[in-house]
Number of protein chains: 4
Amino acid sequence: MAICHKRHGGVDAVSVEDRRVKRLPREVREKQILDAAVRVFSEHGYHEASMDEVSEVAGVSKPMIYAYLGSKEDLFAACIRREAGLLLEAIVAGVDATVAPDMQLWMGLKAFFEFVGGNKQSWRVLHRQVISQGGPFSDEVLAMRSRAITLVDALLVGVATKRGMDEHAQKSTEAMSAALVGASESLADWWLDHPAVPTRTVVAWLMNLVWMGFGDLVEGNVWSPAEH
Amino acid sequence: MAICHKRHGGVDAVSVEDRRVKRLPREVREKQILDAAVRVFSEHGYHEASMDEVSEVAGVSKPMIYAYLGSKEDLFAACIRREAGLLLEAIVAGVDATVAPDMQLWMGLKAFFEFVGGNKQSWRVLHRQVISQGGPFSDEVLAMRSRAITLVDALLVGVATKRGMDEHAQKSTEAMSAALVGASESLADWWLDHPAVPTRTVVAWLMNLVWMGFGDLVEGNVWSPAEH
Amino acid sequence: MAICHKRHGGVDAVSVEDRRVKRLPREVREKQILDAAVRVFSEHGYHEASMDEVSEVAGVSKPMIYAYLGSKEDLFAACIRREAGLLLEAIVAGVDATVAPDMQLWMGLKAFFEFVGGNKQSWRVLHRQVISQGGPFSDEVLAMRSRAITLVDALLVGVATKRGMDEHAQKSTEAMSAALVGASESLADWWLDHPAVPTRTVVAWLMNLVWMGFGDLVEGNVWSPAEH
Amino acid sequence: MAICHKRHGGVDAVSVEDRRVKRLPREVREKQILDAAVRVFSEHGYHEASMDEVSEVAGVSKPMIYAYLGSKEDLFAACIRREAGLLLEAIVAGVDATVAPDMQLWMGLKAFFEFVGGNKQSWRVLHRQVISQGGPFSDEVLAMRSRAITLVDALLVGVATKRGMDEHAQKSTEAMSAALVGASESLADWWLDHPAVPTRTVVAWLMNLVWMGFGDLVEGNVWSPAEH
DNA sequence: AATGAATGAGAGTTCATTCAT
DNA sequence: CATGAATGAACTCTCATTCAT
C-alpha cells in the first residue's frame with residue numbers, strides 16, 4: 001500500500017487518497033485549513049459560512065481547526081491577515097521606489113490589479129466580506145486599508161511637497177487617498193465582471209482619471225463651482 | 001425578545017402610549033417596521049440583527065412583521081429599496097439637468113454627500129451592509145449602484161461626445177463611472193469619520209480629483225507609462 | 001447529523017394529552033420546567049444533566065427553557081433558589097419561637113428531616129449537587145447553608161448567654177453550628193438509606209447527640225484529653 | 001493542550017529538565033500522573049478538569065495517562081483510592097488501640113484534622129468533589145466513608161456494650177456515627193476557612209459536642225420532647 | 001517508552017419562523 | 001388586527017479518547 005505524499009497545495013480540498021494521508025505536520029494542516037477557509041469565506045461570506053463546511057473542504061475534522069487556528073473569528077482573522085499580507089507584499093514588490101511618483105503609482109496599481117486578477121478568492125475575502133462587518137475583523141482589514149491609504153498618501157504628499165502644494169490641498173491628501181483606494185476597489189470589482197479588459201488598460205484608465213486630476217490640482221489648476 | 005427572561009434594557013422606539021394605539025392602518029405599521037429595521041440593520045448589520053430586536057424597536061410583534069414585510073430577507077430588501085430610492089431621488093432632485101455637465105456632476109455629488117451626512121443610518125444600511133453580502137440583496141443594491149453608475153456614465157458620455165472623445169476612451173466611461181462611484185463611497189465613509197470637514201469642501205476635493213482628470217482625458221492629455 | 005429525529009422515549013413527565021395542551025401561560029410552563037429540572041439535576045447532577053433531557057422531561061422545547069429560565073447555570077440556580085426557599089420556609093414554619101431553645105432546635109430539626117423525607121429530590125439537588133461544585137451555584141447554596149448555620153448559631157448563643165457561657169466556649173458556637181449542620185446533613189443522607197426509621201426517632205438521636213453535649217459544655221462539664 | 005493555539009500560560013509541575021528525563025520507570029510516571037491529577041481535580045472538580053490539563057501538569061502525554069491509569073473515571077478513582085488510603089492510614093496510625101475509647105476518638109479526630117490541615121488538596125478531592133457526584137466514584141468514596149463510620153461505630157458500640165447500653169440506643173450507634181462523620185467533615189470545611197484556630201481547639205470542640213452527648217446518652221440521661 | 005496528530009460525539013445556545021388565540 | 005407561545009434546525013465549540021509513528 002504505497003501512500004503517495006503528493007501535492008499538498010491547491011485549494012481543491014484534498015483528494016480521496018490524500019485524505020488517507022494522516023499525521024501530517026502541523027504546518028501543512030494549517031495551510032490546508034487556511035486555504036479551505038479562504039475559499040469558503042469568499043464564497044459564502046463570514047456569517048453564512050459554517051465551520052462544518054470549512055472542515056469538509058479542508059478534509060480535516062473540526063477539532064483540528066479549533067486546535068490550530070482557534071475560533072471562527074480567529075480563523076477569519078487569520079485568513080484576512082494572510083491574504084492582506086500577500087496583497088501588500090505583491091504591491092510593495094511591484095513598486096520600484098527609485099522611480100518617479102507617477103510611475104510608482106502606476107506600478108502599485110498594476111500590481112494591485114494583477115493580484116486581484118490572479119487571486120479572485122483572496123480579493124473577495126478581503127473586500128466583499130470585510131468592509132461591511134462591524135465585527136472584530138474590521139481591525140484586521142481596516143488596518144490593511146489604512147496601510148494602503150497611507151502608502152498612497154505618502155506618494156501624494158511627496159509629490160505635493162515637491163511641487164509646493166498649498167496647505168489646504170495638503171490636508172486633503174488623506175481624503176484623496178481614501179477616494180483613490182475606493183476607486184481602485186470599485187474598479188477592481190467592475191473588472192471582475194469584465195475580464196476581457198487587459199490589466200494594463202484598466203490601470204491606465206484609473207491612472208488617467210486620478211493622476212491627471214491630481215496633477216492639475218497640484219498645479220493650482222482647480223475646478224470650482226463658483227466659476228460656473 | 002418579548003419573552004426573553006433578561007431585562008429588555010434596549011432601545012424602544014415607541015412610547016407606551018403609542019403601543020396602546022392598536023389597529024393602526026397598514027401603511028403606518030409598515031413605516032414603523034421599516035424605520036425600525038433600517039435602524040437595527042444599520043447598527044448591527046444584516047446577520048447580527050435579529051427579528052426580535054426589530055420587533056422590539058418597532059413596537060410591533062413579530063408575526064406582524066412577517067405578515068406585512070415577509071421574511072428577514074424580504075424585510076432587508078425593502079429597507080434597501082426604500083433607502084436607495086430616497087438617495088437616488090435626492091440626487092436627481094439636486095441636479096439641474098439644464099446646466100453644464102460639470103455643474104451637474106457637482107450638484108449630484110453635493111446632493112449625494114448631503115444625503116449621506118443627513119441620513120447616516122440609511123447610508124450605512126446601503127453601503128456597509130450590502131456591498132459585501134453575496135446574498136440576494138446584491139440584486140437590490142447592485143441595481144441601485146448600476147443606476148448611479150449609469151447616471152454618471154450618461155454624463156460623461158455626453159461630455160465626451162460633445163467634446164469628441166475618441167472611441168477607446170468612450171469605452172472606458174463605464175469603468176470610470178464605477179471608479180467614480182467607488183471613490184465617492186469611500187470618500188463618504190472617510191467623511192463620516194471626519195465630520196468637521198464641510199460638505200462643500202469634500203465635494204470640491206472629489207470634483208477636482210476626478211473632473212480635472214476626466215477633462216484632461218477628454219482633451220487627449222493622457223498619462224502613459226510609456227513616456228516615463 | 002445533528003438533527004434530532006429521536007423519539008421522545010424515556011421519561012415522560014407529561015401525558016400525551018397534556019402535550020397537546022399548547023399555549024400554556026408562562027407561569028405554568030416555568031413551573032413545568034423547574035420541576036423537570038429539579039428532577040433531572042437530582043438524578044444526574046449538574047454536569048451530567050443535559051438540557052435536552054430537561055426539555056424532554058418537561059415536555060417543552062429547549063428554546064422555551066432558554067427564553068424563560070436562561071442558561072443552564074441560570075436554570076440550576078433557579079432550582080436551588082426555589083428548593084432552598086422551600087426548605088427554609090418549612091423549617092421556619094415548623095419552629096415556634098416562643099418556646100424554649102431546646103424545643104426550638106427539636107422543632108427545627110424535625111421540620112428539616114420531614115422536608116427531606118418528603119422531598120427527596122429537592123434534598124438531593126440541594127445537598128449532593130451543590131456542596132462540591134466550585135462554580136457559581138455555591139453562592140446560592142452556601143447562602144442557604146449560611147442562613148441555616150446562623151439560625152442554629154443564634155439559638156446556641158441565646159442558650160449560652162442565658163446560662164452564662166464562658167467566652168472561649170462562646171467563640172466556638174459558630175464552629176458548633178457548622179458541625180451540627182453537617183451532622184444533620186449526613187444523618188439525613190444516612191436516613192435516606194434507612195427509611196424504616198421514623199422521623200421522630202432519628203431527630204431524637206441527633207438531639208441527644210448534640211444537645212446533651214452542648215448542655216454539658218455550657219455547664220462547664222467539659223471533656224479534655226489532659227485528664228485522661 | 002499540547003496542540004492548543006492559545007498560550008499555555010498554565011501551571012507546570014515539572015521543570016524542563018524533568019521533561020527531558022524520558023524512559024522513567026512505570027512507578028515514577030504513575031506517581032507523577034496521580035500527583036498532577038489530585039492537584040487538577042482538587043482545583044477544578046471532576047467534571048471541569050480536563051485530561052489535557054492533567055497531562056500538562058504532569059508533564060506526561062495523554063496516551064501515557066491512558067496507558068497507565070486508564071480512563072478519566074479510572075484516574076479519578078485511583079486518586080480517591082490513594083488519598084483515602086492515606087487518610088485512613090493516618091487516622092489508624094494516630095490511634096492507640098490500647099487506651100480508653102474516648103482517648104481513641106480524640107486521637108482519631110486529631111489525626112483526621114491534622115491530615116486535612118496538612119493535605120488540603122487531598123481533602124478537597126475526597127470531600128468536595130465526591131460527595132455530590134452521583135457517578136461511579138461514589139463507590140470509592142462511599143467505601144471510605146463506610147470504613148470511617150464503621151470505625152467510629154465500633155468505638156461507640158464498644159463503649160455502649162461496656163457500659164450496658166440499652167437496645168434502642170444501640171441501634172442508633174450507626175446513625176450516630178454517620179452524624180459524627182458528617183459533623184467532622186463539615187467542621188473540617190469550616191476550619192479550612194478559619195485556619196487561625198489550632199487543631200487541638202477545633203478537635204476539642206467537636207469532642208465536647210459529641211462525646212459528652214454520647215456519654216449522657218449511654219448513661220440514660222436522655223433528652224426528650226415529651227418532657228418539655 | 002512515548003507522543004503529536006486526529007476525531008466522533010455531543011454539549012449549550014440562538015434564531016427565523018409559525019401556530020393558536 | 002394583533003400577539004404570546006412555541007419550536008425545528010443549525011451553529012460554534014469542547015472533550016475524552018485513540019491511532020500512527
Side-chain angles (χ1 to χ4, degrees), chain A residues 3 21-26 28-29 47-55 59-68 70-75, chain B residues 1-4 19 22-26 29 47-55 60-68 70-73 75, chain C residues 1-5 20-26 28-29 47-55 59-68 70-73 75, chain D residues 1-4 19 22-26 29 47-55 60-68 70-73 75:
Chain A
I3 300 178
V21 178
K22 311 242 168 173
R23 315 293 142 167
L24 293 182
R26 178 170 182 146
V28 180
R29 282 288 190 227
H47 286 285
E48 302 285 16
S50 80
M51 296 300 267
D52 271 308
E53 188 174 354
V54 173
S55 89
V60 161
S61 71
K62 274 193 292 178
M64 285 266 72
I65 300 181
Y66 282 90
Y68 284 166
S71 73
K72 186 184 186 185
E73 215 169 289
D74 293 338
L75 176 61
Chain B
M1 275 177 280
I3 50 174
C4 182
R19 286 196 184 241
K22 311 233 169 178
R23 314 275 154 173
L24 292 182
R26 177 166 185 141
R29 282 285 191 228
H47 285 284
E48 304 284 14
S50 79
M51 296 299 270
D52 273 306
E53 188 173 355
V54 173
S55 92
V60 164
S61 72
K62 278 191 292 178
M64 287 263 63
I65 299 181
Y66 281 88
Y68 282 166
S71 73
K72 186 184 186 184
E73 218 168 284
L75 178 60
Chain C
M1 287 237 282
I3 311 172
C4 190
H5 283 244
R20 306 220 162 208
V21 177
K22 311 243 164 171
R23 316 291 142 168
L24 293 182
R26 179 173 180 142
V28 180
R29 282 288 191 228
H47 285 287
E48 302 285 17
S50 80
M51 296 300 268
D52 271 306
E53 188 174 354
V54 172
S55 89
V60 162
S61 71
K62 273 194 295 178
M64 286 266 70
I65 300 180
Y66 282 90
Y68 284 166
S71 72
K72 187 184 185 185
E73 214 169 290
L75 177 61
Chain D
M1 274 179 281
I3 51 174
C4 182
R19 286 195 185 244
K22 311 232 167 178
R23 314 275 155 172
L24 291 182
R26 178 165 183 141
R29 281 285 191 229
H47 284 285
E48 304 284 14
S50 78
M51 296 300 269
D52 273 307
E53 189 173 354
V54 173
S55 92
V60 164
S61 72
K62 278 192 291 179
M64 286 264 61
I65 299 180
Y66 281 89
Y68 282 167
S71 73
K72 187 185 184 184
E73 219 169 282
L75 177 60

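First the proteins, then the strands, lettered A, B, ... as listed; each starts at 1. Computation of the quantities below employed the complete heavy-atom set of this structure, encompassing side-chain atoms and omitting hydrogens, waters and symmetry-equivalent molecules. Note that the coordinates shown come from a computational prediction; the quantities given were computed from them, not determined experimentally.
Between B:R29 and F:dA2, a side-chain N or O to OP1/OP2 separation shorter than 4.0 Å is present. Phosphate contact (OP1/OP2 of E:dC19, side-chain N/O of B:Y66, threshold under 4.0 Å): absent.
Across C:K72 and C:H47, no two heavy atoms sit closer than the pair NZ-O, 3.6 Å. Among all heavy-atom pairs drawn from C:M51 and C:S71, the shortest one is CE-C, 4.4 Å. Across every non-hydrogen atom of B:R26 and B:A67, the tightest pair is NH2-O, 4.1 Å.
Closest to the A:P63 side chain, of the nucleotides E:dA5, E:dG8, F:dT17, is E:dG8.
Comparing D:S71 and A:D52 by the nucleotide of DNA chain F whose heavy atom lies nearest to each, the residue mapping closer to the 5' end is A:D52. Toward the 5′ end of DNA chain E lies the nearest nucleotide of A:P25, the other residue of the pair A:P25 and B:A49 mapping further downstream.
Across the protein-nucleic acid pair, A:M51 atom CE and E:dA9 atom P stand 20 Å apart, rounded to whole Å. Atom-to-atom, CD of B:E73 to C1' of E:dA16 comes out at 11 Å; the value is rounded to the nearest Å. Distance NZ (D:K72) to C1' (F:dC15): 8 Å, rounded to an integer number of Å. Nucleotide E:dC15 holds its P atom 15 Å from the CD1 atom of B:I65, rounded to whole Å. As a whole-Å value, the separation of D:L75 CG from F:dT17 P is 10 Å. Between C:M64 atom CE and F:dT7 atom P the separation is 7 Å, expressed in whole Å. Summarising the geometry, the separation between CZ on D:R26 and P on E:dA2 is reported as 11 Å, rounded to the nearest angstrom. Following rounding to the nearest Å, C:Y68 (OH) and E:dT14 (C1') show an atom-to-atom distance of 17 Å.
Secondary-structure stems of DNA chain E, taken as three or more successive Watson-Crick or G-U wobble pairs (i with j, i+1 with j-1) under a 3.5 Å distance threshold, comprise E:2-21 with F:2-21.
For D:K62 against F:dT17, a side-chain-to-base donor-acceptor contact under 3.5 Å is present.
To the nearest 0.5 angstrom, A:I65 atom CD1 is 12.5 Å from A:D74 atom CG.
Under the side-chain hydrogen bond (donor to acceptor under 3.5 Å, both in side chains) criterion, C:S61 pairs with no residue at all, not counting sequence neighbours. In this structure, B:S50 has no side-chain hydrogen bond (donor to acceptor under 3.5 Å, both in side chains) partners at least two apart in sequence or on a different chain.
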